[in-house]
There are 2 protein chains.
Amino acid sequence: MGSTTDPSAEVPAGAEVLYEDTEAGVDDLLPIRRLEISDHGKGFVELLGQLSPCPAISKADFCSRFAELASLGDDHVICVIEDPSTGRIVATGSVFVEKKFLRGCGKVGHIEDIVVDGVARRRRLGQRIVMYLTEHARKAGCYKVILDCTAELRAFYEKCGFVEKNVQMAMYFHR
Amino acid sequence: MGSTTDPSAEVPAGAEVLYEDTEAGVDDLLPIRRLEISDHGKGFVELLGQLSPCPAISKADFCSRFAELASLGDDHVICVIEDPSTGRIVATGSVFVEKKFLRGCGKVGHIEDIVVDGVARRRRLGQRIVMYLTEHARKAGCYKVILDCTAELRAFYEKCGFVEKNVQMAMYFHR
């Protein structure tokens, strides 16, 4: 019980940071690309902090985790949108491909950690990130893609083409 | 839309196959171990078929997928319980460790595909499988472990120490 933060206070994936699904125009000018090591200096970790407690990570630790994930190739993808006017990362999300035995050695895409910067809302960046990750899972041969979100974000993900399926249960480890 | 099965008819993880959480005695005599290649001939794939559509897999395909997962080491664990009186796999479950950047390069355990054979209920095998996988995630340094289940299985997982957290959304790809 030595934790200095309350795990139950974690903001679930996507909560409160996705309300950009309005009638505002689509900003197609900002490309989506995969995470790069240089994004450590472009506010990527700070952006994640809008989703979940996120202490600063040293460049060395960032590179180490980056290499671990890169070794998984297309089975783990983190994408970002950079605002060229500021050089900052304003949206991100990830998907990883789980390989199963069921469904004839089927695969399932798991979408995680969707965040849009509070100053970059109403530009459909979140929707574009979700579409990018969903398409990656489809091309990877997944038979489905899943994600967990708060009840408040259900409508947003329904507009992205998702349907509610089950309940998410969690157990937190206090350290 | 060439699928011959209705993806929406998939039985969600653990549904209807876990109702063994009774006052019956704990059968500690059946050890939990990690999946082995020889389990292909012990009904492992057929057991998964009690959870989700699961066509037969050739030994070659089984070995190939087994090798892919084995290459992930402790980041992807499938455990099984074998009934020595029949030589059949009667319970299984898996957990994989997702590596993140948030929470100081934190890790999350994802529990999937919990199944107990219909003929082996009421022996707390499912509970023991969940405990085994949960403990693996904790030892691996995860700050939490999560899973998705039907609302009917909420009480079972609450007894295992989980709390309801979010809703699971899904998108199926028709092929």
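By convention in this document, chain letters (A, B, ...) are assigned in the order of the sequence lines, proteins followed by strands, and residues within each chain are numbered from 1.
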According to a hydrophobic-cluster definition based on side-chain heavy atoms being under 4.5 Å apart (Ile, Leu, Val, Met, Phe, Trp, Tyr only), do [X] and [Y] belong together?
X      : Y      : answer
B/L153 : B/M131 : no
B/I37  : B/I89  : yes
A/M171 : B/Y132 : yes
A/Y172 : B/V97  : no
A/V116 : A/L30  : yes

Do [X] and [Y] come within less than 4.5 Å of each other through their side chains, counting heavy atoms only?
X      : Y      : answer
A/Q168 : B/I146 : yes
A/F173 : B/K139 : no
B/E98  : A/E112 : yes

* To do: With sequence neighbours excluded, tell me which residues meet side chain to side chain contact (heavy atoms under 4.5 Å, CB included) with B/C54.
  => A/L102, B/V45, B/L48

* Under the side chain to side chain contact (heavy atoms under 4.5 Å, CB included) rule, collect the residues that match up with B/S85, sequence neighbours excluded. => B/D83

* To do: If you link ILVMFWY side chains whenever their heavy atoms are less than 4.5 Å apart, which other residues fall into the same cluster as A/F96? By chain and number, please.
  => B/F96

* Are any of the side-chain nitrogens in B/K100 or A/D113 under 4.0 Å away from the carboxylate oxygens of its partner? -> yes

* **Heavy-atom pair of closest approach, residues A/A170 and B/K165** => CB-CB, 4.1 Å

* Where does B/L35 contact chain A at under 4.5 Å (heavy atoms): side chain, backbone, both or neither? -> side chain

* To do: Could you label the plane-to-plane angle of the B/F44 and A/F101 rings as parallel, tilted or perpendicular, counting under 30° as parallel and over 60° as perpendicular?
  => perpendicular

* **Contact listing (chain A partner; residues 67-76 of chain B; heavy atom under 4.5 Å)** => B/E68, B/L69, B/L72, B/H76

* Asked: Can you tell me how far CG of B/D148 sits from CE of A/M169, rounded to the nearest 0.5 angstrom?
  -> 10.5 Å

* Drop me the distance from B/K107's NZ to A/R65's CZ, to the nearest 0.5 angstrom. => 6.5 Å

* Structure fact -> Interface check, chain B: of A/R154, A/E164, A/K99, A/H110, most non-hydrogen pairs under 4.5 Å belong to A/K99

* Structure fact -> Ranking B/S64, B/P55, B/G49 by heavy-atom pairs under 4.5 Å to chain A gives rank one to B/P55

* Most chain A-contacting option - heavy-atom pairs closer than 4.5 Å, from B/V167, B/L147, B/I78, B/I57 -> B/V167

